[in-house]
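All remarks here apply to the structure that follows.
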Protein chains: 2
Amino acid sequence: MARIKTEKNISRKDVIVTKAAALFREKGFKAASMRDLAESVGVEAASLYNHIKSKTELLHELCFGVANRFMQKIDEIEAGPGTAIEKVEKLLRFHINEMIEHYEEVYVSDREWKHLSDPYLSNFQNQRRIYRKRFAAIIENGIRNKEIKKIDAPTAVLIMLHAVSGIESWHRSTQKISAESLEDNMITILVGGLVNR
Amino acid sequence: MARIKTEKNISRKDVIVTKAAALFREKGFKAASMRDLAESVGVEAASLYNHIKSKTELLHELCFGVANRFMQKIDEIEAGPGTAIEKVEKLLRFHINEMIEHYEEVYVSDREWKHLSDPYLSNFQNQRRIYRKRFAAIIENGIRNKEIKKIDAPTAVLIMLHAVSGIESWHRSTQKISAESLEDNMITILVGGLVNR
DNA sequence: CCACGAAGATAACATTTGTTAGTTAAAATT
DNA sequence: AATTTTAACTAACAAATGTTATCTTCGTGG
């Protein structure tokens, strides 16, 4: 009986959640079966249930883990100093880094949240809505004091967020440019599209 | 026995494919069952098979329908006149309009192509790769003759394409700005992020 | 008006899926 | 070393899924 290997401070549940992220990313939540997951963990499917309550619980963990990190960051940025453009850039860099470093979780959270079930679903949607409004508010500030072009702020937010999710393609491409220059390029184009001059 | 209603020049298969697009968009390909589809068409599940070969065939139709339209457009734009920036703008406007007008098909093609099976899968991936290279080539031209900032062209493509897919959120939002001003805003930000000055 | 083909319904199928119950082995604690 | 707790296994389930075979009904062209 080969047990799930664990290192210090990493529970077996954490191992499962991480493997689930990779699997859900690859196949999609619905198409990924618990038997697939079990195989990737190195255990029988039923054994997983010693550590988790259900398949959907895995999705909760992933989605809200990511959502909370973003919420925390926007708290920090809103409260902190800096011009509107600087704040947008900070937030954007955070998004980009998250998508580079925690690719699988962020991607899954972004694409598969539809398969959450209530009350988690509405909860997640709410958080998302609020987050975008706060992001838009930063941009609107920038528009008011002429830092930023006169554009529709929600549209700008929508562009930023979705553009970042394109990093998925970067991960999969065979000849990647470096992570740093990916980040810089994205900032150049996206922030460059906002600034007023 | 309620038959599938058809208008002139619209086959029953077309009706099914269209309904499938809406359903796949809403639930995702895997989560949408043939029984769901049947209900939305107004018929029993098994009856669908008088018109289609399989569930995956529906996905083929959608994905390649969309892919072909984009290929045709880039042919036209490449061959036609205009500066690099103008060509990028044309292509971008086409993407935006497709996402606005044929929301469901385009969205499904974009998100669900993973569930195609070979040889369709590799075929689709190839087309996609080629399309992006051609898009990138247009941008590289623009960089060479200083119309466009010195950026990584594939990254720019990735941003453009994914930003456009954000129109999904626009469709779902309750208080939409008009389609025209959505288009203009997106062009302003995205093309504005490219131009050299 | 009748016959034939198109399009529908019913029933059933083999798989796959998430999950539970019951049991055994390994680790941790005493 | 003995015992208790944790985590694995096997077996099985009910439900859902894509699809096929067979039969019935409708609409249209001769």
Side-chain angles (χ1 to χ4, degrees), chain A residues 1-21 23-24 26-63 108 112 114-118 120-121, chain B residues 1-21 23-24 26-63 108 112 114-118 120-121:
Chain A
M1 265 193 215
R3 295 203 150 194
I4 300 177
K5 290 175 201 162
T6 58
E7 291 157 36
K8 250 185 195 167
N9 286 340
I10 297 184
S11 71
R12 286 175 225 279
K13 181 168 175 177
D14 289 339
V15 173
I16 294 171
V17 170
T18 302
K19 292 280 187 182
L23 197 70
F24 294 171
E26 187 192 334
K27 303 197 160 195
F29 177 75
K30 268 284 176 183
S33 78
M34 293 304 278
R35 284 165 181 83
D36 290 337
L37 178 57
E39 190 181 1
S40 121
V41 170
V43 103
E44 290 299 313
S47 306
L48 296 171
Y49 288 85
N50 285 315
H51 306 282
I52 61 164
K53 282 200 293 293
S54 66
K55 188 187 181 186
T56 350
E57 192 206 357
L58 293 169
L59 194 57
H60 303 163
E61 299 264 345
L62 290 168
C63 289
V108 168
E112 308 291 342
K114 275 189 199 177
H115 300 104
L116 288 170
S117 35
D118 269 323
Y120 298 97
L121 178 58
Chain B
M1 265 193 215
R3 293 207 152 190
I4 299 177
K5 289 175 200 162
T6 57
E7 290 158 36
K8 250 186 198 168
N9 286 341
I10 298 184
S11 71
R12 287 179 224 281
K13 181 169 174 175
D14 289 340
V15 174
I16 294 172
V17 171
T18 302
K19 292 280 187 183
L23 197 68
F24 293 170
E26 188 193 334
K27 303 197 162 196
F29 177 75
K30 267 285 175 181
S33 78
M34 293 304 278
R35 284 165 180 85
D36 289 337
L37 178 57
E39 189 181 1
S40 122
V41 170
V43 102
E44 290 299 314
S47 306
L48 296 171
Y49 288 85
N50 285 316
H51 306 283
I52 62 164
K53 282 199 293 292
S54 65
K55 188 186 182 187
T56 351
E57 192 205 356
L58 293 169
L59 194 57
H60 303 163
E61 300 263 345
L62 290 168
C63 289
V108 168
E112 307 292 342
K114 275 190 201 180
H115 299 104
L116 288 170
S117 35
D118 269 325
Y120 297 97
L121 179 58

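Both backbone and side-chain heavy atoms feed into the values below; hydrogens, waters and symmetry mates do not. Being a predicted model, the structure only gives us computed values, none of them experimental. Just so it is clear: chains get the letters A, B, ... in the order the sequence lines come, proteins before strands, and each one is counted from 1.
Comparing dT19(D), dG8(C), dT10(C) against the side chain of Arg35(B) picks out dT19(D) as the nearest. Picking from dG8(C), dG18(D), dT19(C) the nucleotide with the shortest atom distance to the side chain of Met34(A) gives dT19(C). Distance from the side chain of Val43(A) is smallest to dA8(D) among dG18(D), dA8(D), dT17(C).
In the region residues 45-59 of chain B, proximity to DNA chain D at under 4.0 angstrom, judged on heavy atoms, holds for Ala46(B), Tyr49(B), Ser54(B), Lys55(B).
One atom, NZ of Lys27(A), and another, P of dG18(C), lie 11 Å apart when rounded to the nearest Å. Rounded to whole angstrom, the span from the CZ atom of Phe29(A) across to the C1' atom of dG18(C) amounts to 10 Å. With rounding to whole Å, His115(A) atom NE2 is found 15 Å from dG18(C) atom C1'. Taking atom CD of residue Glu44(A) and atom C1' of nucleotide dT20(C), one finds them 15 Å apart after rounding to whole Å. Summarising the geometry, the separation between CD1 on Ile16(B) and P on dG18(D) is reported as 14 Å, rounded to the nearest angstrom. Nucleotide dT19(D) holds its P atom 11 Å from the CG atom of Leu37(B), rounded to whole Å.
Heavy atoms only, all atoms of each residue included: Leu121(B) and Lys114(B) are closest at CD1-O, 4.2 Å. Across all their heavy atoms, Leu48(A) and Met34(A) have their closest contact at CD1-O, 3.6 Å. Looking at every heavy atom in both residues, Ala21(B) comes nearest to Leu62(B) through CB-CD2, 3.7 Å. In terms of heavy-atom proximity, Arg35(B) sits nearest to Ala45(B) at CG-CB, 3.8 Å.
Counting heavy atoms from C-beta on, the side chains of Lys30(A) and Phe29(B) never come closer than 4.5 Å.
Within 4.0 Å of Ala32(B), counting heavy atoms only, lie sugar-phosphate atoms of the nucleic acid but no base atom.
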